[in-house]
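One structure is given below, encoded as C-alpha cells.
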Amino acid sequence: MIDAKRHKNEHIKEDSHFLRGTIAEGLADVATGAISEDDAQLTKFHGTYLQDDRDLRPERAKKKLEKAYSFMIRVRVPGGLTTPKQWLALDAIAGTYANGTLRLTTRQAFQFHGVIKSNMKRTMQAINVCLLDTLAACGDVNRNVMSAANPYFSKAHAAAEDLAIQISERLLPQTSAYHEIWLDGQEVDANGKPVKKKAAKEEKEPIYGPTYLPRKFKTVIAVPPSNDVDIFAHDLGYIAIVEKGKVVGYNLTVGGGMGMTHGELETFPRTADMLGFCTPDQAVDIAEKIVTVQRDWGNRENRKRARLKYTIEDRGLDAFRAEVERRLGYKLGKPRPYHFSSTGDSIGWQQSADKKWHLTLFIENGRVKDKPGHALRTALREIAEFHSGAFVLTSNQNLVIANVTAKAKPKVDAALKKHGVRPSASSGLRRNSMACVALPTCGLALAESERFLPEVITALEDVLDQAGLKDDDIVIRMTGCPNGCARPYLAEIGLVGRNPGLYNLYLGAAFDGSRLNKLYAEDVDKARMIGLLEPMLKRYAKEREDGERFGDFVIRAGYVRPTTAGNQFHADVALLKQAS
Ligand code: HEM
Ligand code: SF4
C-alpha cells in the first residue's frame, strides 16, 4: 500500500518479503563491512544491529578508511534462563567471534559486541546449535519476555518463567527468513531435529501481518514483593497474584516505556497503567489480543510516538481496555491488591524451600570479562563446567547461579575467590547501579555510560562513607542518550547523556519502581554532579525519617516535585523554560 504519510520503515517492512530484504546478498558482499541502510532496519528483527567502533572513527576517517563496522548480536532468553552448557557455548562464542566479553542486558538477554560481517553466519549458527536464537531480540515485535529472576526460587517464580516462555513463543514472528538467512534454511526443533522447510507461498504472519508492529513491544512478569523486572517501564506487564504459594492470576499493566527525545515535549517516559486482572489460562491469549490492538491502533507515521504508551495516552485507557475486551469476548477482572518493595536484586546466597542454594552475583553493568585480579569470565566458565543447576540473568544486569546443592556451594565460592570475584559490590549505591552500553558501540550515544558510571560511583562513595550511607540501597542509573535503555527515569538518581561529558540529572523516582523521577539539573559534568549530590546525600543521612528512601526524601525536602505519569514528566521543565 502506497501511503506517503506512513513512516519509511513501514515501507521497508512491507517490501521486505517477511524480513528478508537483501540481507543475504548484503552478507555475501565482501567489498564492505556494512550492509545497506534498509537491511540494517530489517536485521534488527533478527536480533542484530549494525554498529561501528566510534573510538576509531577519527583515525579511520583520516586514513580514508570506511568505519570499523561490526555487529551487536542479542540473544533471546525468555526469563534469562540458561543452562551451564549454554553458558559455556556463549562464552566460547564471545571469545571466538566477539570482543571477548559477554554483556548481560537490562532485559535479561545476552549481547555480543564486535562481530564482523564475515563471522555473522557462523556466530548465529553457533548460537542456534546451543538451542538459543536471536529472533525478535530487537525490531518492531514483541522482544525478549522478562520474568522475575530465578524460576527455582518458588512455585510462583516457576509459573512466571513458564508464562514468559509461552508468551515469547506465541508472539514469535513466523517468517522462515531467519532460518533461511542465517542457518541456510535448516530449522531445528527443540530436540535439535531438522524441521521441514516452508514453501514461499505458505509464508504469513498471523499475528503481526506484513508490517509487524509500529514499534518495539516489551513484556514482563513480576512476582511481588520484588519488582526486579521494573514492570512499570514496559508495554505489557503481569503481576503474579499468589495465594498459598500458588499463582491464582495476574494483574495486567499496559503502556509503560522509557524512551524520549531531548527537547521534544510530546515524547516522554511513562509508567504503565493497571488494565485489569486475568486468570493464568487467559494470560497468553490476552498478550496476543493486546499486541493486535497496538498493531492496528499504533502510530505508523511518527516512530517517536509509536509505542503503546502513546496509543494509550492518546486514545485513553478505557477505550483501549474496551477494545481488548471486545477482541477477547470477555471482560477483564478488577486488579487485586499487591505490594512491591524494590526493583533491586538480593545479592548473595539465598536458600529456597527445597533446600537448594542460589547465588545472586553482582556484575557491574552486566559486563562479563576478565580484568587483572578479577577474572570474572574465567570464574564463571569454571563454575559452568561443574554446575548442574542453571544460570539466570536478572533484569538488573546481574546473574543468579541457581539450584546449587549444599555440596557444590563451597566449590562455587572457591572458584569465585580463586579469581578475585567478590559476589557483592563495594557500596549500596554500586549494588543498585545500572548503565547502558553507549560508547564506543552504540550509534545513538551522546555521552559515555558503561565506561563512566563506575567512576562517578567511586567519587560518590567517598561522600557516602562520610555520611554513613555506604551500605544503604540507593538506585542510580545512567544512559548515554535519552532512549533510556538502562531505565534511568525510574532511578532515584538518573543521569542521561546530552553531550560528551554532560548529563541531565533526574531525581526522585520511587524505590519500588512505581514513580518516575524528575529533571533537577541540566548539562552537568562530573564535578557538578558530585557537587549537587553531596549536600543532598548528607542531608538525607541526617534528616531522613524512619525507612525513608532517598527518592522520597528529595521530594519531601523540596528538591523536585513528584511525577505521576505521562507528559507530566515535563511539566517542571516547561515551567523552567518559561521562567528563564
Ligand atoms: C527508544 C529508543 C531506543 C533505541 C533506538 C534503542 C537502541 C539501542 C541500541 C542501538 C542498543 C545497542 C547498544 C550497544 O550494545 O552497543 C541498545 C541496547 C539496549 N537497549 Fe535500547 N534503545 C531504545 C530504548 C530502550 C529502552 C527504553 C530499553 C529498556 C527499557 C532498552 C533496552 C536495551 C537493552 C537491554 C540494551 C542492551 C544493553 C544494556 O543492557 O544496556 N532500549 N538499545
Ligand atoms: S540509552 Fe542510548 S546510548 Fe544507551 S544503549 Fe540505549 S540507545 Fe545507546
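For ligands, and for the atoms within them, numbers begin at 1 and follow the listed sequence. Computed from a predicted model, the values in this text were never measured in an experiment. When a residue number appears, it is its place in the shown sequence, counting from 1.
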**Q.** Output field: ring centroids Phe110/Phe112 closer than 6.0 Å
**A.** no
**Q.** Gly484 neighbourhood, listing ligand 2 atoms whose heavy-atom distance to it stays under 4.0 Å
**A.** 1 (S)
(Q) Below 30° counts as parallel, above 60° as perpendicular, anything between as tilted: where do the rings of Tyr178 and His46 land? (A) parallel
Q.
If you define the side chain from C-beta out and look only at heavy atoms, does anything of Arg215 sit under 4.5 Å from Lys309?
A. no
Q) Are Arg170 and Asn142 side-chain neighbours, meaning at least one heavy-atom pair lies under 4.5 Å? A) no
Q. What protein heavy atom sits nearest atom 23 (C) of ligand 1, and how far away is it?
A. Lys216 NZ, 2.9 Å
Q: Could you establish whether Gly366 and ligand 1 come within less than 4.0 Å of each other, counting only heavy atoms on the residue side?
A: no
Q. Which one of Arg367, Gln51, Lys218, Met258 has a non-hydrogen atom at the shortest distance from atom 28 (C) of ligand 1?
A. Lys218
Q) For atom 18 (C) of ligand 1, what's the nearest protein heavy atom and its distance? A) Arg74 NH2, 3.2 Å
Q: Give the residue and atom name of whichever protein heavy atom lies nearest to atom 10 (C) of ligand 1, and the separation in Å to one decimal.
A: Tyr49 CE2, 3.2 Å
Q: Could you grab the protein N, O or S atoms closer than 2.8 Å to atom 8 (Fe) of ligand 2 for me?
A: Cys442 SG
**Q.** atom 41 (O) of ligand 1 - nearest protein heavy atom and its distance
**A.** Cys436 CA, 3.2 Å
**Q.** Any His113 heavy atom less than 4.0 Å from ligand 1
**A.** yes
(Q) Among Cys485, Pro488, Pro440, which one puts a heavy atom closest to atom 20 (N) of ligand 1? (A) Cys485
Q.
Taking 4.0 Å as the limit for heavy-atom contacts, which would you say applies to Arg215 with ligand 1: side chain only, backbone only, both, or neither?
A. side chain
Q: State if Met260 counts as touching ligand 1 under the rule of any non-hydrogen atom under 4.0 Å.
A: no
Q. Do any nitrogen or oxygen atoms of Arg307 come within less than 3.5 Å of a nitrogen or oxygen of ligand 1?
A. no
Q.
Looking only at side-chain N and O atoms, does Thr311 offer a donor or acceptor that is under 3.5 Å from a partner on Gln294?
A. yes
Q.
Suppose the criterion is ring pair (Phe, Tyr, Trp, His ring centres under 6.0 Å): which pairs have a residue in residues 478-515, not counting sequence neighbours?
A. Phe452-Tyr503, Tyr489-Tyr506, Tyr489-Phe569, Tyr506-Phe569
